[in-house]
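Everything below concerns the one structure shown next.
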Amino acid sequence: MNKFFEFDYYKQKLWEKYQSCSDGTAEMEEKMKERFNHSIGVVDMAIELIRIHNLPIDEEKAKICAILHDYAKYCSMEEFQSIKEEFNVDVEVIPEYKKVLHALLGGYIVKKELGIEDEDILKAIETHSTANSNMSPLQEIIYLADCVEAGRSGEYFANIRKIARKNYKKAIAIFLRDCIERILSDKTKNLHPYTLNAFEEYKKYLLSGENKYEQVLSALDHNLIKEVKVYDVRNSSPYFEYIIVATTASSRQMQACVNYLKDDFDIRGAEIGDAWSLIDLNDIIVHIFKEEERERYGIDRLYASYPVVK
Ligand SMILES: [Fe+2]
Ligand SMILES: [Fe+2]
């Protein structure tokens, strides 16, 4: 099939699928139309996020994945059970998971009914409801675009949409946190383990401001980094909140500390040297020097005009 026409083809298929699930009542027709528009909204949002964040995702693939992410939305529990058995999928088809089964089994359904074999697309459909750890950029963007597409109205969604445009990993973390809270307070719902796995991985993106720099300080302390100085640059820099300068006794200790920070924080960039390492934690910059080098570089003199927090 000509690639140019693929998206329109699958869009048509989604419409036909929804029509086949409708009982013909005006109410149901309206619901299907809304659902269809939601999927168009997810396509637009996915493309917008890919472009804003310059992500390495094939846009055509993203569009097909987005338009089909809710393809299995109206399948019955019997259909889910039968697809589970046919593909031997390790998913519990139980009422508590009803809301997420269209995702967890949706990939198998589009594979069977539409012949889609692309693993990236199938996986992103599978995790669009629960998320998971180790998601690919396409999985992340489909999950997030589903959460924040423009059709989701209200202040909460407007706010998270704004964050998604600025820091999409943070937006995923916020949405996961809120989702977990919501599910745990509702006794009729079961929290899927994939969602917990995802939150474990993304929660580091929630840290910001003082809370975050306190955590960085305790990470430095844990790694025996000494002579820590924190400069508050919130009033001077449009990019950073704090600059931390610290001293280490050896290159080995410096490397251990950098690895520790990498595990616990979202690192935007790092220059790791033998005598000086610079770690960019988005809103906090950390300089770690070997003892004899800190004075030589004169870094503290450079930041002397900023207020010292610690
Ligand atoms: Fe969905
Ligand atoms: Fe959706």
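Numbering of ligands and ligand atoms starts at 1, following listing order.
- Salt-bridge check for Glu149 with Arg161: failed, with every basic side-chain N at 4.0 Å or more from each acidic carboxylate O.
- Aromatic ring orientation, Tyr213 versus Tyr242: tilted (interplanar angle from 30° to 60°).
- With the Fe ion (ligand 1) as the vertex, NE2 of His128 and NE2 of His102 span 90° to the nearest 10°.
- Considering the Fe ion (ligand 2) as centre, the angle to OD1 of Asp146 and to NE2 of His38 is 80° (10° rounding).
- The aromatic rings of Tyr143 and Phe175 lie perpendicular to each other, with more than 60° between the two planes, well past the 30° mark.
- Taking the Fe ion (ligand 1) as reference, the nearest N/O/S atom within Asp70 carries the name OD1.
- Between His53 and Tyr168, the ring centre distance stays below 6.0 Å.
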